[in-house]
Amino acid sequence: MPMTMQSSLVTIGKEKRLEGNVFEISLEGYKLFILDHPVPVQKKENSSPVGKAVIKEVTWKEDSTRLVYELIDLHGVN
């Protein structure tokens, strides 16, 4: 089972708002993230961070990673 360690969250516009500032996203492959610690959020792989998030939940299933995260800082207006 190949796994990659991630130091930032790249959303590529796939995030879904659950409530307030809490979002969910599914990513291809198995990815390991730090829980309960702020990480930069990027819209694209090589773009500047648009904010910071705290990852609350990670679920691995069927070669995908599901995250629930809270956006704690937004650098600009969407």
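Q42 contributes a side-chain N or O that, together with a main-chain N or O of S47, makes up a donor-acceptor pair within less than 3.5 Å. Within the 3.5 Å criterion, the main-chain N or O of P40 finds no donor-acceptor partner in the side chain of S8. Here the side chain of T65 pairs no donor or acceptor atom with the backbone of L27 at under 3.5 angstrom.
Rounding to the nearest 0.5 Å gives a distance of 9.0 Å between OG of S64 and CD of E28. T11 OG1 to K16 NZ: the interatomic distance, rounded to the nearest 0.5 Å, is 13.5 Å. Distance check: I12 CD1 to I25 CD1 gives 7.5 Å after rounding to the nearest 0.5 Å. Rounding to the nearest 0.5 angstrom, the gap separating the NZ atom in K56 from the CZ atom in F23 is 14.0 Å. Taking OG of S26 as the start and CG of L67 as the end, the distance is 8.0 Å to the nearest 0.5 Å.
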query: Given the rule in the side-chain contact (heavy atoms from CB on, under 4.5 Å) test, do T4 and L32 qualify, once you have shown the distances and angles that lead to the verdict?
result: CA-CA 6 Å; T4 59; L32 184 61; over 6 Å; no
task: Show the numbers, then the answer: is there a side-chain contact (heavy atoms from CB on, under 4.5 Å) between E15 and K43?
output: CA-CA 10 Å; E15 69 276 8; K43 293 280 186 182; 3.8 Å; yes
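Checking each of I55, V58, N21, V39 against Y69 for a side-chain contact (heavy atoms from CB on, under 4.5 Å) leaves exactly one that passes, namely I55.
Within 6.0 Å of NZ on K44 lie no more than 12 heavy atoms contributed by other residues, nucleotides or ligands.
The shortest non-hydrogen separation linking K52 to P38 is CD-CB, 4.4 Å. The minimum heavy-atom distance linking Q6 with F33 is given by the pair CB-CE2, 3.3 Å.
Both L74 and L9 belong to a common hydrophobic cluster when Ile, Leu, Val, Met, Phe, Trp and Tyr are linked at side-chain heavy-atom distances under 4.5 angstrom. Note on L71 and L35: same hydrophobic cluster, where clusters join Ile, Leu, Val, Met, Phe, Trp and Tyr whose side-chain heavy atoms are under 4.5 Å apart, directly or indirectly. Hydrophobic clustering (ILVMFWY, side-chain heavy atoms < 4.5 Å, transitive): M3 and I34 are in one cluster.
Of the charged side-chain nitrogens involved, at least one lies within less than 4.0 Å of a carboxylate oxygen, so that R66 and E57 count as a salt-bridged pair.
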